[in-house]
Amino acid sequence: MTYENILAEEQDGILQITINRPTKLNALNKATINELHEAFSEAKENHDVKVVILTGSGGKAFVAGADISEFADFSPEEGRELAAEGQAALFDFVANFPKPVIAAINGFALGGGLELAMAAHFRIASDNAKMGLPEVSLGVIPGYGGTQRLPQLVGKGRAMEMIMSAGMIDANQALQYNLVNHVTSLEELPNLALELANKIMKNSLVAISGAIKAINANYEEGVNGFEIEISEFGHAFGTADFKEGTSAFLNKRKADFPGE
Ligand code: COA
């Protein structure tokens, strides 16, 4: 499948999705959000795809936010729809994606860009990266999950300060804040992402999918995460991956997971 605003390339089980509007610092317009939804939908069904790496093209930006030029004259109703549709089609879709999604933040991750990175299962960053939610400087608030996911990751006080000040933090501060897991040079970032993806892929992706559900349940209103964990734990015992993983261990050999 070919896209206009993103690149999607699968190799050895790793799908690399690159947001590709470098002249607009990869800002997320509606077309890009739709294409990302398409690419993730396709990846969900494609058995060849084991792990997804999400990054931005060029060395300057991951994503510099939602495309401000598209919503500058929206009404309150259109604003509400923009947030609701975007959250359903992309941000929640990525957060609940059954396969691991790693965001490789290669520069500015602002507004919707940081929200997209926060929807990914975890983040790594290059040392030139700058992150922030500057929406209040435009007279609006984060609308793609930022007010919820930033406090979950960095704590309420830091999230309040970042959102109220509309400021940016650099990669090292993001590391201190637990917003990203690793920082490396821009040149090394793709290798680090691949290294982490390859490490993850050695394990049972069926089990990983259950773990993603159980971890996410901790953040869902009215859902008992411990119960989801018990249910996913039990479910794992019926999978071929569990049979393979346990028998490989007991027979002192490397597991070769069938993925079912
Ligand atoms: N929406 C639409 N266009 C954007 C954009 C966004 N969020 N972020 C950057 N762009 C565009 C700029 O308008 C410019 O386009 P042009 O060349 O056609 O004028 C191009 O990308 C390059 O950006 P520019 O501002 O010239 O780069 P810079 O290096 O001077 O500044 C930033 C970089 C990230 C600090 C600056 O682009 C910025 O503040 N962007 C908006 C960030 C933001 O508020 N995001 C939250 C949106 S809710």
State, with a plain yes or no, whether a side-chain heavy atom of [X] is found less than 4.5 Å away from one of [Y].
X	Y	value
I17	V52	yes
E10	D48	yes
E115	Q87	no

Any donor-acceptor N/O pair, [X] side chain to [Y] backbone, under 3.5 Å:
X	Y	result
K99	V49	yes
K199	L194	no
S165	G167	yes
T55	A104	yes
N5	E35	no

Subject >> Residue list, side chain to side chain donor-acceptor pair (under 3.5 Å) with Q173, at least two apart or on another chain >> reply: Y177
Subject >> Sequence-distant partners of E9, side chain to side chain donor-acceptor pair (under 3.5 Å), two or more places apart >> reply: none
Less than 4.0 Å between a side-chain N and a carboxylate O, is that true for [Y] and [X]?
X	Y	answer
E85	K30	yes
R80	E77	yes
R253	E244	yes
R21	D67	yes

Assigning hydrophobic clusters by single linkage (Ile, Leu, Val, Met, Phe, Trp, Tyr; side-chain heavy-atom cutoff under 4.5 Å), is [X] placed with [Y]?
X	Y	answer
I53	M118	no
V51	F62	no
F122	I169	no
I68	F108	no
Y144	L150	yes

Original post:
Between the side chains of E78 and S75, does any donor sit under 3.5 Å from an acceptor?
Top reply: yes
Original post:
Can S126 and N128 be counted as having a side-chain donor-acceptor contact under 3.5 angstrom?
Top reply: yes
To the nearest 0.5 Å, tell me how far [X] [atom1] sits from [Y] [atom2].
X	Y	atom1	atom2	result
N34	L28	CG	CG	11.0 Å
E70	I33	CD	CD1	8.0 Å
L133	R149	CG	CZ	12.0 Å

Original post:
Which word best sums up how the rings of F40 and F97 line up, parallel for under 30°, tilted for 30 to 60°, or perpendicular for over 60°?
Top reply: perpendicular
